[in-house]
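Take a look at the structure below.
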Amino acid sequence: MTITITAFERSPDGGKGLARDTRVRWALEEMGQPYEVRFLSSAGMAAPEHLAIHPFGQIPTYEDGSLSLFETGSIVFHLAERHAGLLPTERDARARAITWMFAALNTVEPPVFELTNARVFEADKPWSEARLPLVKDRVRARLDRLSAHLGVADWLDGAFSAGDLLMVSVLLRLRMSGILDEYQDLAAYVARGEARPAYARAFAAQFAVNAPSL
Ligand code: GTB
């Protein structure tokens, strides 16, 4: 049975790999799992067939035989549980890697997400410019701590894990704002993630669909 995921027919980021299907593609590539992609328009995302597997009508989803999943973190965790390569086998190290998955999505991504909203979706609001410094400082508060934790290590806790996959994916969303470059160690951490062949394959696959047309 081939794994099928869903992705935007046309990602709003124009191929930068920032939509969440790239995270699932990356996990699948790390594990060498073949997969297919069902591309959805906004009408397709609101269609009853899609709502049956994603109650909120979003992407990505994951289907493998009788199992359907939504939520990127859950999908990456499911894959990491079933295939070698993204979670350590030693019990405590595994628990810590899972903790970093939650930290990426629950502690670091919310202010990063707010910054995207402020810079992109709320840029035309009269209060947007006044709010931006506050939103940026919330991001920096997280990055200060993350940078202190990472120190001179390559990855968050020992070998590369699903925690790093999600953290790098979240931090990638900061690049356009310039904030990532304020943290040389975190910029280098993100670059290490991007240098992984599995990431390159995932990025190329989504870029082939979303690259801006000339
Ligand atoms: N919690 C869910 C998960 O982790 O899977 C959130 C899923 C989600 O927000 N999916 C988005 C979606 O389907 C796709 S990523 N949106 C349509 C909708 O909600 O109706 C969207 C995205 C693309 C690019 C950027 N970016 O450039 O920063 C940010 C978000």
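Note that ligands are numbered from 1 as they come in the structure, with each ligand's atoms numbered from 1 the same way. Predicted model only: the values in this text are computed from it and were never measured.
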Salt bridge (charged side-chain N to carboxylate O under 4.0 Å, His left out) pairs, two or more places apart, involving residues 55-83: Arg38-Glu63, Glu81-Arg94
Contact residues of ligand 1 (heavy atom under 4.0 Å), by chain and number: Phe8, Asp13, Leu18, Ala19, Arg20, Met45, Gln58, Ile59, Pro60, Glu71, Thr72, Thr116, Arg173
Sole residue of Arg131, Lys136, Arg119 in salt bridge (Lys or Arg N to Asp or Glu O under 4.0 Å) with Glu114: Arg131
Sidechain-backbone polar pair: Arg192 side chain, Asp154 backbone, donor-acceptor under 3.5 Å: yes
Donor-acceptor contact below 3.5 Å, side chain Thr22 vs main chain Phe203: no
Sidechain-backbone polar pair: Asp164 side chain, Trp155 backbone, donor-acceptor under 3.5 Å: no
Arg23 bridged to Glu109 by N-O distance under 4.0 Å: yes
